[in-house]
Amino acid sequence: MARHLITSALPYINGIKHLGNMVGSMLPADVYSRYLRQRGDDVLYICATDEHGTPAELAAKEQGLPVDAFCAQAHDAQKAVYDGFELAFDYFGRSSSPQNREITQHFARRLNENGFIEERAIRQVYSPADGRFLPDRYVEGTCPHCGYDKARGDQCENCTRVLDPTDLINPRSAISGSTDLEVRETKHLFLLQSKLQHEVEEWVARHEEEWPQLASSIARKWLTEGLHDRAITRDLDWGVPVPADTWPELAAEGKVFYVWFDAPIEYIGATKEWSDQDPENRDWKSWWYEADDTVRYTEFMAKDNVPFHTVMFPATELGVREPWKKVDYVKAFNWLTYYGGKFSTSQKRGVFTDHALDILPADYWRYFLIANAPESDDSSFTWEHFTATVNKDLADTLGNFVNRVLSFSKKRFGEEVPAGAEAGEAEAKLGEEIAGLLAEYETQMEALQFRKAAAALRALWSAGNSYLEEKAPWLEIKTNPEGAALTLRTAMNLIHLYSVVSEPFIPASSRAMRSAFALPDDTATWVTPAEAKSLNSVLAGTPFTVPPVLFAKITDEDLETYKERFGGAPE
């Protein structure tokens, strides 16, 4: 049995995320995890809230809460949304956990022992108005590379270039807005990435041909530009503290580790959180330590996170000089835009995940987002496209097929799946088509090509409709009742097949389809193409019920209401 470790980018704690965040990391990781579990693989899907750093402190300040209380509330709020989307994490942890603190400090000590951490005096932005040194994200200004006027002191979210606060043009305090800033000397710890450049290059070279071009090109770009030594501590009140047994002076000054140092380590920390809940049956180290030959590790993230997970965190792991598991495959995504523009909380433009669940069930969103995942390039969310996809693929192609087959069979043959005649030429032809489409679906899922997998799934649904139109049981029953029963029995076997293979995309609807049939010990275990080909009569004689409508169509009136609430195309 293959063992698959899966992680998705940690969502920041400062607020509910938009649909782009969902499709760029957590949702595809969930789809892939569900698929692998159905195939019988041993899967561990780990995620967590990223709770340290400036965003947490600033968000807590805005709400007038202590930062630990804010993070606890925000974690629960985010987890409730992800539960609503049916993200089947094995564990959803917190980077502020004692486990992450312990492992982060261990990594730092080991890096120091191996000569990869150095204490340096640097000149840092100080705000007299705030009475404190300002960490990079507490400084905002204009990006010197692209001119974006809301760039942060660590990275420009517009062009994704990594920055230092002193790089910004017209800098200001993110706390008070004061432009009266000074540069003073203070001490921080630096990770000597320059000393690890060649090791990281060799490691990336062993993996980049397998990775998507987006991931490998970003990693190669960073390596070509050269790895620079980076400060890994900050002047914050909230974070993993620098251990006093190793750096007593910095610990006394209240220094904490930079969020991008401890956040990737939280993947390990969250796995230990999971393990500590049931230590007799869960072994976190078997997933992370000396696991290169036993675990396949896949990461899911949007392109702005790629440098940290393909270069910076591997540098950290290499420098520790211990056999920690490093990522095998990085599934990177481009941006999902809103009518070609950015999602914006402040401007109330775009759909955020909690609001999405307010108006429609999760399966509508799950299917649309994965079917239009921004893999090879950016993709744009529009209400018109969303409506057309839901109505055509979900309501018409799948939902209508399920409803008319079950309703017609109940009306003409009662509440048990009819036996009917022996399968004939049409059923053999259908079986061949279904087997081929299912094999294509498997191929694309194994390759993590989600849009192509969605297209194959859609084709599977369409095949059932084509078969039904060809056989026309509503006409067939007038002259050949046994033939009509065969058609309906075959179609119901298809519905059961759909309930299994659609589960990674639309889990709630798949449960509704599967539960329509009173099969004993029925599970969502995968059906192979060879098994699907037979479309046999395992359901014959099985009691069934007609489930509620799986997917309601979005009306023109609904469309206008949604656009008015969430905004249409940016002006």
Candidate pair D50 and I13, rule side chain to side chain contact (heavy atoms under 4.5 Å, CB included), full reasoning: CA-CA 6 Å; D50 183 359; I13 196 68; over 6 Å; no
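- Ion pairing between D293 and R3 fails under the 4.0 Å rule for side-chain N and carboxylate O.
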side-chain hydrogen bond (donor to acceptor under 3.5 Å, both in side chains) between E266 and S95, worked out: CA-CA 5 Å; E266 167 59 8; S95 68; 5.8 Å; no
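- A 4.5 Å side-chain heavy-atom check between V31 and M445 finds at least one atom pair inside the cut-off.
- Ion pairing of D328 with R296 is absent here, as no side-chain N (NZ or NE/NH1/NH2) approaches a carboxylate O to less than 4.0 Å.
- Between F401 and W461 there is no side-chain heavy-atom pair separated by less than 4.5 Å.
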From CA spacing to verdict: ring-ring contact (aromatic ring centres under 6.0 Å, His included), F92, H75: CA-CA 9 Å; F92 186 70; H75 170 86; 5.2 Å; yes
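- At least one side-chain heavy atom of L539 sits less than 4.5 Å from a side-chain heavy atom of H496.
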Trace of the side chain to side chain contact (heavy atoms under 4.5 Å, CB included) decision for K410 with F544: CA-CA 8 Å; K410 179 181 178 181; F544 73 91; 4.0 Å; yes
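- Using bins of under 30°, 30° to 60° and over 60° for the plane-to-plane angle, the ring pair Y35/Y32 lands in the parallel bin.
- For K331 and F333, the positive end sits near the middle of the six-membered ring, less than 6.0 Å away and at most 45° from its axis.
- Contact of the S510 side chain with the V500 side chain is not registered, since no non-hydrogen atoms from C-beta on lie closer than 4.5 Å.
- Looking at every heavy atom in both residues, I46 comes nearest to A270 through CG2-CB, 3.6 Å.
- For R39 and E446, the salt-bridge test passes: some basic side-chain N is under 4.0 Å from an acidic carboxylate O.
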Step-by-step side chain to side chain contact (heavy atoms under 4.5 Å, CB included) determination, R489 to N493: CA-CA 6 Å; R489 184 191 79 213; N493 273 286; 3.9 Å; yes
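- Put simply, the side chain of E427 never gets that close to the backbone of T490: no donor and acceptor are under 3.5 Å apart.
- Residue pairs meeting the salt bridge (charged side-chain N to carboxylate O under 4.0 Å, His left out) criterion with at least one partner in residues 545-561, sequence neighbours excluded, are D396-K553.
- Checking L394, L360, N400, V402 one by one against F551, the side-chain contact (heavy atoms from CB on, under 4.5 Å) holds for a single residue, L394.
- Between the Y364 side chain and the A552 main chain, a donor and an acceptor come within less than 3.5 Å of each other.
- By the 4.5 Å heavy-atom criterion applied to side chains, F85 and L357 are counted as neighbours.
- The backbone N or O of G483 sits less than 3.5 Å from a side-chain atom of T487, completing a donor-acceptor pair.
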Salt bridge (charged side-chain N to carboxylate O under 4.0 Å, His left out) between R404 and E469, worked out: CA-CA 12 Å; R404 65 175 175 161; E469 292 300 319; 3.0 Å; yes
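- To the nearest 0.5 Å, the span separating CH2 on W274 from CG on L44 amounts to 5.0 Å.
- Side-chain atoms of T49 never come within 3.5 Å of backbone atoms of R94 as a donor-acceptor pair (strictly under, hydrogens ignored).
- In this structure, K285 forms a cation-pi arrangement with Y289, its terminal cationic atom sitting closer than 6.0 Å to the ring centre and no more than 45° off the ring axis.
- With sequence neighbours excluded, the residues forming a side-chain hydrogen bond (donor to acceptor under 3.5 Å, both in side chains) with W324 are E322, listed by chain and number.
- Side-chain contact, E273 with S97: a donor N or O sits under 3.5 Å from an acceptor N or O.
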Salt bridge (charged side-chain N to carboxylate O under 4.0 Å, His left out) evaluation trace for E317 with K326: CA-CA 7 Å; E317 290 185 292; K326 287 172 280 295; 5.4 Å; no
Working for ring-ring contact (aromatic ring centres under 6.0 Å, His included), residues F368 and F381: CA-CA 9 Å; F368 173 82; F381 177 93; 5.5 Å; yes
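- When side chains are defined from C-beta on, M492 counts as touching S409, because their heavy atoms get closer than 4.5 Å.
- D363 places a side-chain N or O within 3.5 Å of a backbone atom of A508 that can act as its donor or acceptor partner.
- Nearest heavy-atom pair across P11 and N21 is CB-OD1, 4.5 Å.
- Side-chain contact of N334 with E375: a donor-acceptor pair under 3.5 Å is absent, judged by distance alone.
- In terms of modelled atom types and a separation under 3.5 Å, the side chain of T542 and the main chain of L519 share no donor-acceptor contact.
- The aromatic rings of F505 and Y441 sit tilted relative to each other, their planes meeting at an angle between 30° and 60°.
- With respect to L336, the side-chain contact (heavy atoms from CB on, under 4.5 Å) criterion is satisfied by exactly one of N372, L369, D378: L369.
- Nearest heavy-atom pair across I16 and F352 is O-CD2, 3.5 Å.
- With respect to Y297, the ring pair (Phe, Tyr, Trp, His ring centres under 6.0 Å) criterion is satisfied by exactly one of W287, Y45, Y329, W288: W288.
- R34 has a carboxylate O that lies under 4.0 Å from a charged side-chain N of E503, or vice versa, which qualifies the two as a salt bridge.
- One N or O on the side chain of S502 and one on the backbone of Y498 form a donor-acceptor pair closer than 3.5 Å.
- Scanning both residues, A463 and L430, for their nearest heavy atoms gives O-CD1, 3.9 Å.
- A donor-acceptor contact shorter than 3.5 Å is absent between the side chain of Y467 and the backbone of S462.
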Show me the donor-acceptor pairs within less than 3.5 Å that the side chains of residues 448-460 make with the rest of the protein, sequence neighbours left out.
from : atom 1 : to   : atom 2 : distance (Å)
R451 : NH1    : A373 : O      : 3.3
R458 : NE     : Y367 : OH     : 3.1
R458 : NE     : D393 : OD2    : 2.8

Y338 vs W383, side chain to side chain contact (heavy atoms under 4.5 Å, CB included): CA-CA, chis, key distance, verdict: CA-CA 9 Å; Y338 188 76; W383 283 107; 2.9 Å; yes
Test side-chain hydrogen bond (donor to acceptor under 3.5 Å, both in side chains) applied to W284 and Q99, step by step: CA-CA 11 Å; W284 67 278; Q99 291 88 344; over 6 Å; no
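- Taking the side chain as every heavy atom from C-beta outward, H309 and V330 never approach each other to under 4.5 Å.
- Under the 4.5 Å side-chain criterion, counting only non-hydrogen atoms from C-beta, M513 is in contact with L398.
- With H207 contributing its side chain and E210 its backbone, the two residues share no donor-acceptor pair below 3.5 Å.
- Rounded to the nearest 0.5 Å, atoms CG (N403) and CG (L550) are 8.0 Å apart.
- Side-chain atoms of S286 come within 3.5 Å of backbone N or O of D283 as a donor-acceptor pair.
- To the nearest 0.5 Å, atoms NZ (K325) and CG (L5) are separated by 8.0 Å.
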